[in-house]
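The structure under discussion appears below in the form of structure tokens.
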Amino acid sequence: MADIRNHIEKRRTFAIISHPDAGKTTLTEKFLLYGGAIQSAGAVKGKSSDRHATSDWMEIEKKRGISVTSSVLQFEYEGYHINILDTPGHQDFSEDTYRTLMAADSAVMVIDGAKGIEPQTRKLFKVCAMRHIPIFTFINKMDRETRDPFDLIDELEKEFGIGTYPMNWPIGCGVDFKGVYERDRHSILAYDEFHAGRKRLKGIECDINDTEQMDSLIGPYAREALTEQIELLDGACFDFDIEKVRCGKLSPVFFGSALNNFGVEAFLERFLQMTSAPLSHMSIHPAVEPAEISPFEDHFSAFVFKIQANMNKAHRDRIAFMRICSGQFERGEEYFHVQAGKPVKLSQPQQMMAQEREIIETAYAGDIIGVFDPGIFSIGDTICAKGAKIQYAGIPTFAPEHFAVVEQIDSMKRKQFAKGMTQIAQEGAIQIFFEPNTGMERVIVGVVGVLQFDVLQFRMESEYGVKYYKKDTPHQLIRYIDNDPEELNPASLRLMQNTKWVQDVKGRNLLVFVGDYEIDFALDKNPGLKLSEFEQNM
Ligand code: G4P
């Protein structure tokens with residue numbers, strides 16, 4: 001048992017969130033280099049023809065046009081067993097990106113120092129904040145001209161409503177970038193043109209009030225600016241409080257340059273020290289009182305957070321990704337699929353180990369495994385040891401941002417159309433809605449990323465043999481109506497003409513809006529109307 005505990009305590013499972021181009025891939029790559037999981041920079045993306053993409057699995061999916069995956073990378077570093085959950089951006093952005101965050105214990109937020117907070121960072125931050133997980137900020141590209149660092153942390157605090165604690169402070173930026181001052185260690189990590197991505201960069205101990213020493217290290221101009229800024233920071237900034245960090249109220253901030261491998265190792269080290277072993281998860285099994293399940297619990301338990309369809313088109317196979325929440329997983333063991341009420345053997349359990357996908361024999365709380373899914377799992381399902389009364393609270397449905405009306409062409413294929421739409425929605429690849437009192441021939445499809453529309457069309461044609469008409473609608477926002485329909489009949493609401501009342505598969509009422517103005521209008525004209533972005537039962 002002590003052995004299992006050791007394994008679990010070493011685990012750190014986190015997601016890296018950022019807006020495209022902020023440097024997420026570059027930072028991930030540097031982490032992997034430290035862990036010895038890859039040998040050369042560039043291996044993650046496989047930019048040049050002679051380099052292998054770490055995630056070749058994703059490449060294959062891309063060729064098939066169904067790249068909606070979030071991959072998991074694992075490596076060992078300084079005695080820690082690290083699981084990095086990738087959150088795809090650009091056109092790959094989808095509901096899976098959000099769901100992945102449900103499997104993480106903490107998040108690293110990468111911000112481009114010249115740009116500050118960008119839209120995708122905002123969206124992903126919201127989900128992390130909803131879970132109260134620790135968020136560590138890495139302000140990247142300090143080797144370029146950036147915005148004023150005070151401005152950047154001010155923006156984080158104001159926009160996100162959290163405190164920040166700069167662990168280090170940049171000394172200049174761009175061509176004048178001299179490195180960072182490590183506030184608690186009273187040392188300088190020096191950046192110079194000969195830095196060339198050195199590993200194991202040693203801090204130079206210094207006394208910020210020792211003018212002579214500081215001048216010899218960074219020159220009088222930078223010294224003056226730094227002492228002034230540190231004084232300001234010490235006076236005005238939040239106190240460091242690890243408890244606040246652990247509940248996501250205070251974000252430790254680090255400045256650096258991922259491309260130049262500057263500040264990355266120091267960041268990784270501090271990050272690993274400050275984060276904790278896998279978190280507990282809430283179980284709401286109907287037969288017992290709701291309880292937090294500790295990762296160190298004897299029984300194995302896990303929940304499905306992502307289902308990847310069509311890994312192999314010929315076999316229509318699916319991979320269910322699950323986050324292990326407690327105990328130890330063992331290949332070949334018979335477990336219990338709570339939602340189906342049936343025993344289950346998890347076949348072909350696999351993990352991504354940097355370059356390879358490999359079948360595994362054991363895994364522990366904190367790990368992510370992918371298992372072959374013959375079509376029995378749904379997002380949010382719990383799998384646990386036989387006899388354990390555990391059922392995890394599920395995964396919220398994230399608000400789609402693109403909508404289209406989809407109507408079947410061939411009425412002879414009504415059944416296939418309904419089946420395909422429902423199954424694909426159950427898997428969580430799309431969300432479907434209905435206008436009240438209309439049938440299943442006309443469905444409103446909502447997606448988080450537009451690529452999901454292509455996936456839908458591809459799968460409906462190839463798997464269900466159904467073609468359909470699709471018309472994009474201008475809607476971008478969706479809100480649950482939290483009022484009881486008995487009290488407030490959605491049909492009686494005063495809404496702008498382009499606001500749509502729809503129902504989801506469970507019959508819950510929602511409103512679809514074109515923009516914020518329409519939401520304000522609805523709230524203004526209908527006193528007592530309660531709208532929420534996330535499902536209230538989560
Ligand atoms: P992403 O995964 O967040 O989308 O970003 P990615 O790491 O791919 O980085 C986006 C671009 O920013 C890349 O340049 C990358 O080299 C650059 N970059 C990342 N970190 C730093 C940094 O610390 N300093 C500077 N100056 N640049 C950085 P690119 O030209 O788009 O691609 P590439 O051809 O260099 O790969």
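Whatever order the structure lists ligands and atoms in, that order sets their numbers, starting from 1. FYI, side chains are in, hydrogens and waters are out, and symmetry mates aren't considered; it's all heavy atoms of this structure.
- Close approach of ligand 1 to S18 is summarised as follows: ligand atoms under 4.0 Å from at least one heavy atom of the residue are 3 (O).
- Paired with H7 under the rule ring-ring contact (aromatic ring centres under 6.0 Å, His included), one option of Y80, F329, Y364 passes, and it is Y364.
- Atoms of ligand 1 lying under 4.0 Å from any heavy atom of D21, numbered from 1 in the order shown and given with element: 1 (P), 3 (O), 4 (O), 5 (O), 10 (C), 12 (O).
- Residue contacts with ligand 1: R144 is placed with a nitrogen or oxygen under 3.5 Å of a nitrogen or oxygen of the ligand (distance criterion only).
- Applying the ring pair (Phe, Tyr, Trp, His ring centres under 6.0 Å) rule to F136 yields the partners F271; only residues at least two apart in sequence or on another chain are considered.
- Taking only nitrogen or oxygen atoms, main chain and side chain alike, P20 does not reach within less than 3.5 Å of ligand 1.
- Close N/O approach between M142 and ligand 1 is not found [any backbone or side-chain N/O within under 3.5 Å].
- The shortest N or O to N or O distance between G256 and ligand 1 is not under 3.5 Å.
- Within the listing of ligand 1, atoms 22 (C), 23 (O), 24 (N) sit less than 4.0 angstrom from a heavy atom of S257.
- Interface atoms of ligand 1 facing K24, defined by a heavy-atom separation under 4.0 Å, are 1 (P), 2 (O), 3 (O), 5 (O), 7 (O).
- Counting the atoms of ligand 1 from 1 in the order shown, those under 4.0 Å from a heavy atom of T26 are 6 (P), 7 (O), 9 (O), 15 (C), 19 (C).
- When heavy-atom distances to ligand 1 are checked against a 4.0 Å cut-off, T25 comes that close through both its backbone and its side chain.
- Heavy atoms from other residues, nucleotides or ligands lying under 6.0 Å from NZ of K249 number 12 at most.
- F321 does not carry R99 over the face of its six-membered ring by the limits of under 6.0 Å from the centre and within 45° of the normal.
- Centroid-to-centroid, the aromatic rings of Y191 and F262 come within less than 6.0 Å.
- Relative to atom 20 (N) of ligand 1, the option among I16, N140, V110 with the closest non-hydrogen atom is N140.
- Evaluated for a salt bridge (charged side-chain N to carboxylate O under 4.0 Å, His left out) with K123, the options E118, E95, E401, E533 yield exactly one hit, E401.
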